Structures are given as C-alpha cells and as structure tokens.
2 protein chains.
Amino acid sequence: MLASSPPRVTLLDIASDAGVSRATVSLVLRNVPSVAPATRKRVLQSINRLRYVYHRGAASLRSQRSHAIGLIVSDITNPFFAEIIVAIEDWLGSAGLVTILGNTSENLAKQQRLLRSMSEYPADGILICPTQGSEKTGLPTGGRLPPIVAFTRPMDGVDYAGTDNVTGSELAVEHLVGLGHRRIAFIGGPAQLTSAQQRFSGYRRGLEKHALEYRKELFVEQLPTRQGGYHALISALQLSPAPTAAVCFNDVVAFGAIEALRGRGKEPGRDFSIVGFNNIADARAGSLTTIDTSPAKLGETAADLLLNRIRDPGSPLRQVILSPRLVVRESTGKLQHDSNESNQ
Amino acid sequence: MLASSPPRVTLLDIASDAGVSRATVSLVLRNVPSVAPATRKRVLQSINRLRYVYHRGAASLRSQRSHAIGLIVSDITNPFFAEIIVAIEDWLGSAGLVTILGNTSENLAKQQRLLRSMSEYPADGILICPTQGSEKTGLPTGGRLPPIVAFTRPMDGVDYAGTDNVTGSELAVEHLVGLGHRRIAFIGGPAQLTSAQQRFSGYRRGLEKHALEYRKELFVEQLPTRQGGYHALISALQLSPAPTAAVCFNDVVAFGAIEALRGRGKEPGRDFSIVGFNNIADARAGSLTTIDTSPAKLGETAADLLLNRIRDPGSPLRQVILSPRLVVRESTGKLQHDSNESNQ
DNA sequence: ATAGATATCTAGATCGATCTAAAGGCTGAA
DNA sequence: TTCAGCCTTTAGATCGATCTAGATATCTAT
C-alpha cells in the first residue's frame, strides 16, 4: 500500500501565492537581475513559506543542460582514484554540477553500460579513466555521446589529462642511482596498461642515462595492488644477484612491497629502497619516498578540460600532461653494504 | 562559438520512421508485453537505424521516478567506505538505478548542500553515512526530502543499516585475552562518533567479562586514520606498564599502529598484538587480524532498505544490525614474555 | 504631448518522454 | 447478425520547469 505523498509544490503554486506569473518565479530562481527587488522579495518569501523544492529534472529538460557530469573510474578502492574523485566532485560541486559516479572494476562491458546510462541521463559530459585495453576500442558506436574527457589513461579521440609517467620513473631511478643503487627493479603494473608502459620506459631511460644495464628479470609484472606488490618483491628478492631497490608502479604496490620486506626482517630505506608513484595521502603517513603526480590537481585539470569542451564542443582536441615531482621520505636510503657485490 | 549539434532523435522520429505512434514506441522501450512482435521488431529496427538515445530525464519528469539514488559518504578515501560504495553502486546498478555520489569530508554544511542538491535532482532516495555529530541535528528542515536510509552511523528518524559494534570489539578483546594478553589498549576513533562509542563500550564489556581492570590511559583517542593509529600506538607504548595488545577503531588505524610498531623494531603478532576492525581488502593482504563487518553486505543491506522504503514510504522504521565476525590472521599472537610483568 | 528608451513582467509554446482513456480490429459465443 | 471480450494501438493531456517574443508601465527628451 503506497502512502500517497502530498502533491509537489511547483512554480505555479509559488506564482499564485506571490501574485506573479510562473515566468517571474523562474527568473527569481535563476537570479536573473531584471526582477524588481520588491517582487523578488515577495517571491522568495512564498518559496520559503511553501517549502518549495526546485526540480532540476524539469529544468534540464527544457534548458537542455542537466548540470550532471558522469565520472567513470576503474577502481574506487584504489586510493589514487579515490583522491581524484574527491577532487573532481569538489571542483564540479563548486561549479554547481552534480557528479554521477560509476565504477567499472576494469570491466569493459560495465564501462559500456555506464557510458550508455550516463548518456541517457543525459549527463552534460563524462570524465572517464578507461578500463585496461579500452583505450583504442574505446567508445561505443551506438548513439550520440556527450563530451568526454579521459584522465590518467588516454583514449582515442577525446581530450586527455594525464601525467608525464616517463619522466616520473626516470626521476625515481635517478634518485636511487644517486643513493648508490645499481640493481634496481621495476615492480607491479600490468604491461597492457599505457601508464605502466610509460613508467617502464622511463625506468629504462633512467637506467640508460647512467649506463646501467637493463635486465629483464628486474621487471616484475604484477597486479597493481598491495598484494601484487607483496608478491613482486618476494620474487625480486629471490633473484641472484638480488636488486637493492625498486621503483613501484604505484604507492599501493609500494606498500605491498614494504610489507614483504618487513616480513623478511628488512627495513625499507636501510636494507632496501622503495620508491612509490602518485603520492597518495597514505604515502606521507607511511614515510614513502614517491613520485608525486598530484591526483587532486589531475582531477581538477580533467574537470576543467571537460567544462571547456562542453562550452565549445568544436574546439581542437587537447591534452594536458602534468609534470611529476620526486618526494623523498624514509623508504629510500644510501646503499649500505651490497652483499651481492662480491659475487659478481 | 558553439558548434550546433545535430538535433536529438526523439520518440517522434522513431514513431514516424516505424509508422507507429509515439505511445507505441514508448511501450517498446519499456518492454511492455502488449506490443505485437512484428511491431516491436519494426520499432527496434528504427531505433537502431536512427541511433536513438533514450532520454531518462524526460521519462522521469512524467513518470515521477528518476531512477537515481543519492549516496552520501563522509570520506571516500577511507577504504571501508570505498568498498561500501562499490557494493552499493553494483547492487543498485543491477536494479537499473544510477548512483549519484557525494562526499562530505565530515563537513556538515557540505552534507546539507548535498542533501539539498540530491532532493532537487530529484533522487528517488538517499543513502547516507551521516557526518560526525549530525546524527541528531540531522535532516535539514527545508523542503521535502526523498526517502532516506542511514548506514554505518544511525540518524534520527530514518531507517538504518549498521554493525553490532559492541559485540565486535568484545570479540576482539576475548581473542586477545585468550592469547594471554592482559593489558589491552583501545586506540583511534573520535569519542563523538557513535560507532567509536559502541566499539569502546564493547571493549570495556570484554574486559569486565574477564575481570580485567579498565584503565583510562589505555583508551587513546585519535583521528581514525593511518596517521592517527601511528601516533596512538606511540603514545600507548610510552605508558608504564605498556599494553601488549591493542584493539583498533578500524583497519586503517591498525595499519598505522603496525607502522609505528615496526618503526620501533617490533613485529606485530610476535611483540605486540593488533586487532583491526572492518576487514577491508588490504587487511587480508596485510595479514591483519580483524573484526569482519562485511562492508559490501552492509552496503547491499542499506540499499535494500532504501528500495523497500521507496516502495512503501509509510512502513514503520527499520533497523538492520549485522553481526561481526572475528578473522584471525598474523597480527595477533600469544603473549610471549611480558617485560613489565615483574614491575607490577 | 508624444515618441522612444528602459525596466519589469507574462502568455503560451516547448523540452521528450509517460499516462489515461478509449478506439479499432478481430474472435468466438449467443 | 450482433455483441462481449481480447489484443493492439493511439490521441492528447501531462510532468515542471525554461524560453521567446511581446506586453505593460514608467521615465526621458524633445
């Protein structure tokens, strides 16, 4: 048995209460300046008295602007994305836009479903971190889509906000080399991820720059999770000669690696050096040396790109690549005594 | 210069293309069975050919159902909430509902803004984890609100899905006592948070049950973050006699505490026992003994409560309290040698 | 006094779907 | 033949706002 709720208070109710027309009430609601102060006041009083609630849905139907932005990420539980989400939501919120969230769990079918659902909404635009492998296959060919901006991972044919990953891991390698490390591993990060490829190539470039030989066993591929980092470091330690430092695909992987180190009685920074990637909030608390990719800034940049694209759909494609920055904390340190040195 | 986009394909276009009326097309879209198979097929063909995109906004205006649910959390970057969000989003998504996300950062003003914005949308219902202190002051008195369900933290006058926190920390204490611990700290968790109060009272109840004296310095209040856990444990270790184990407000606090332990050369499970709360994904990877509050299940429960409330707004208030479960991993262990024992 | 400019307000169409109530066609029973 | 009953389809009103184009009143300058 559905309890019948009281009928909605509409513009018409306000209008007749305030003795003006619907149109005038609408002008007041939208803060259009052409309304006489006295009228505005009268209308606002009626709005308060009758407890009027604005109906965005009705407004958007007519104005063709929903003031909703779709946000599709591949994994909310990844703190890097969580920080981006917060930043985007704040940024858009202060621009009067609502964020509709979707999580793909790296599932392409789910991504297509979300794109569709948000287009139907219809969202005024969509921010997306494409699932692994959808960078090329990308957009569904179905119906028309609203303006789209990709972040963190590029996508064919749309604007993009990302990080200079190559430079990032190059910085990491240089830092480690400066501390005396020579055998440096690169761990975590599925090879099919563009960002992993870029970070890997920066890692290689860093090695080359210092005439260090790249050895393929030092690249330990794993899931970009805490668990992945854990297992990756354990494999790395079994190599002979073992590496003395590692550049991690991201901070979460780095924490997993630190977990593994400690499980074997090694102290990060002293017995083995670890560099993370992203500089999530926990990185500071965990004293992790890392490459700061300023997730919040990235989110805001992507949001700005989208707002511009919405404003001017015809403008040429844009890419904004943010520069990363090394943040030195306690998980890296001078190479002490390299037990493998004598073996070589 | 706004590039004028091609005009939208509407029901009317499909109707004239397929040689039927708008109403019939609508019936096809909504899978109403009364449409003749041949007609349905013809309409679907037109829909595909013209690349029609359904307009939910228009539909909801008329049907008075937006198929959107507002989800307000206090901190997305907290993995506990992130897991809940994913679960809710999945659950509602499979019921054909879209999730609109909002993050309050424990800010009451922002919570009010979000409640308002979602009411205006209008969302069909709202799931909320109230900010600290809004449990009583709660709902804005402004306009009408859609059905609301609170989770994790109760809120006056609305349905609630939560955890039996008292039993949870009681389980934790019993586990530690069983391992021989006598001086057990309770760390993290702001005292004004209902869940912290409940967990604290379960802690005390656990102590009483085993005739262990409660000493107030063993309750170390801190922010419920990794950093909070870190600092809390350091303070706890400075007590004399120092505790040998700690029940943490949540898993993140526990990780911070472990961080602190290791920074002082102590190994969790061997030199000091730590119990977390919630059993987030990282707890497994980090071998953390914890109280499993099944965040995903909690999210789904809350979502179900909301769906029922929407279906039947007049039904009596409901509360669902899930029972927690102890998960033993490696961060707890038998009390070895208690260096303080002799001092007493 | 009159035309023109300015400020303020409004009627009515409109956005794109759903809903209601009923129409048309067909079947089988009386 | 006629009519009730079923199946399928539809015209037109409707949801609650915005937009357009113009009306009305007030003021200024000549």
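So that the names make sense, note that chain A is the first sequence line, chain B the second, and so on, each numbered from 1. Quick caveat: nothing in here was measured; it's all calculated off a predicted structure.
Judged purely by atom type and a 3.5 angstrom limit, A:Thr104 uses its side chain to pair as donor or acceptor with the backbone of A:Glu106. The closest donor-acceptor contact from the side chain of B:Ser294 to the backbone of B:Ala296 lies at 3.5 Å or more, if one exists at all. In terms of modelled atom types and a separation under 3.5 Å, the side chain of B:Asn103 and the main chain of A:Val86 share no donor-acceptor contact.
Following rounding to the nearest Å, B:Leu61 (CG) and C:dC19 (P) show an atom-to-atom distance of 12 Å. Protein atom OH of B:Tyr52 is 7 Å distant from nucleotide atom C1' of C:dG16, rounded to whole Å. For the pair A:Glu120 CD and C:dT18 P, the interatomic distance rounds to 11 Å; values are reported in whole Å. For A:Asp13 and D:dA17, the CG to C1' distance is 13 Å, given to the nearest whole Å. Rounded to whole angstrom, the span from the CG atom of A:Leu29 across to the P atom of D:dT18 amounts to 6 Å. Nucleotide C:dG16 holds its P atom 17 Å from the NE2 atom of A:His55, rounded to whole Å. The CD atom of A:Gln64 sits 9 Å away from the C1' atom of C:dG16 (whole-angstrom rounding). Between A:Arg30 atom CZ and C:dC9 atom C1' the separation is 13 Å, expressed in whole Å.
The side chain of A:Arg8 lies closest to D:dG16 when the candidates are C:dG16, C:dC19, D:dG16. Closest to the side chain of B:Ser21, from the set C:dG16, D:dA11, C:dT10, is D:dA11.
The distance from the CD1 atom of A:Ile69 to the CG atom of A:Leu307 is 6.5 Å, given to the nearest 0.5 Å. The OG atom of B:Ser34 lies 8.0 Å from the CZ atom of B:Arg40; values are rounded to the nearest 0.5 Å.
Defining each end axis of the helix from C:dA1-D:dT30 to C:dA30-D:dT1 as the rotation carrying four pairs' C1' atoms onto the next four, with five pairs an end, the two axes are found to diverge by 60° to 10 degrees.
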* Asked: Could you walk me through whether A:Ser63 and A:Ser60 pass the side-chain hydrogen bond (donor to acceptor under 3.5 Å, both in side chains) check?
  -> CA-CA 5 Å; A:Ser63 69; A:Ser60 12; 5.7 Å; no

* Does the pair B:Asp75 and B:Thr77 meet the rule for a side-chain hydrogen bond (donor to acceptor under 3.5 Å, both in side chains), with working shown? -> CA-CA 5 Å; B:Asp75 181 15; B:Thr77 63; 2.6 Å; yes

Set out, line by line, the N/O atom pairs under 3.5 Å between protein and nucleotides 20-27 of chain C.
none

Could you list the protein-to-nucleotides 22-24 of chain D atom pairs, N/O on both sides, closer than 3.5 Å?
none

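The 5' end of DNA chain D is approached more closely, in terms of each residue's nearest nucleotide, by B:Val20 than by the other of B:Ser63 and B:Val20. Comparing B:Gly57 and A:Leu27 by the nucleotide of DNA chain C that holds the closest heavy atom to each, the one mapping nearer the 5' end is A:Leu27. Annotation: of the two residues near DNA chain C, A:Thr39 and B:Val9, the 5′-most nearest-nucleotide partner is A:Thr39.
If you check every strand for non-hydrogen atoms under 4.0 Å, A:Thr24 touches a base. Among the protein residues, B:Leu12 comes within range of no part of the nucleic acid, since none of its heavy atoms lies under 4.0 Å from any strand. At a threshold of 4.0 angstrom between heavy atoms, the contacts of A:Thr10 are confined to the sugar-phosphate backbone, with no base atom among them. Within the nucleic acid shown, A:Ser60 has no heavy atom closer than 4.0 Å to any nucleic acid atom.
Not a single donor-acceptor pair, N or O on each side, falls under 3.5 Å between the base of D:dT10 and the side chain of B:Arg22.
Residues B:Met118 and B:Ile100 share a closest heavy-atom pair of CE-O, 3.4 Å.
A heavy-atom distance below 4.5 Å is not found between the side chains of B:Arg144 and B:Ser119.
Taking a cutoff of 4.0 Å between a charged side-chain nitrogen and a carboxylate oxygen, A:Asp159 and A:Arg309 qualify as a salt bridge. In this structure, A:Glu120 does not pair ionically with B:Arg8, as no charged nitrogen and carboxylate oxygen lie closer than 4.0 Å. Between A:Glu83 and A:Lys297, none of the side-chain N atoms (NZ, or NE/NH1/NH2) sits under 4.0 Å from a carboxylate O, so this pair counts as no salt bridge. Remark: A:Glu89 does not engage B:Arg113 in a salt bridge, criterion side-chain N to carboxylate O under 4.0 Å.
Side-chain nitrogen and oxygen atoms of A:Tyr121 include none within less than 4.0 Å of the OP1 or OP2 phosphate oxygen of C:dA17.
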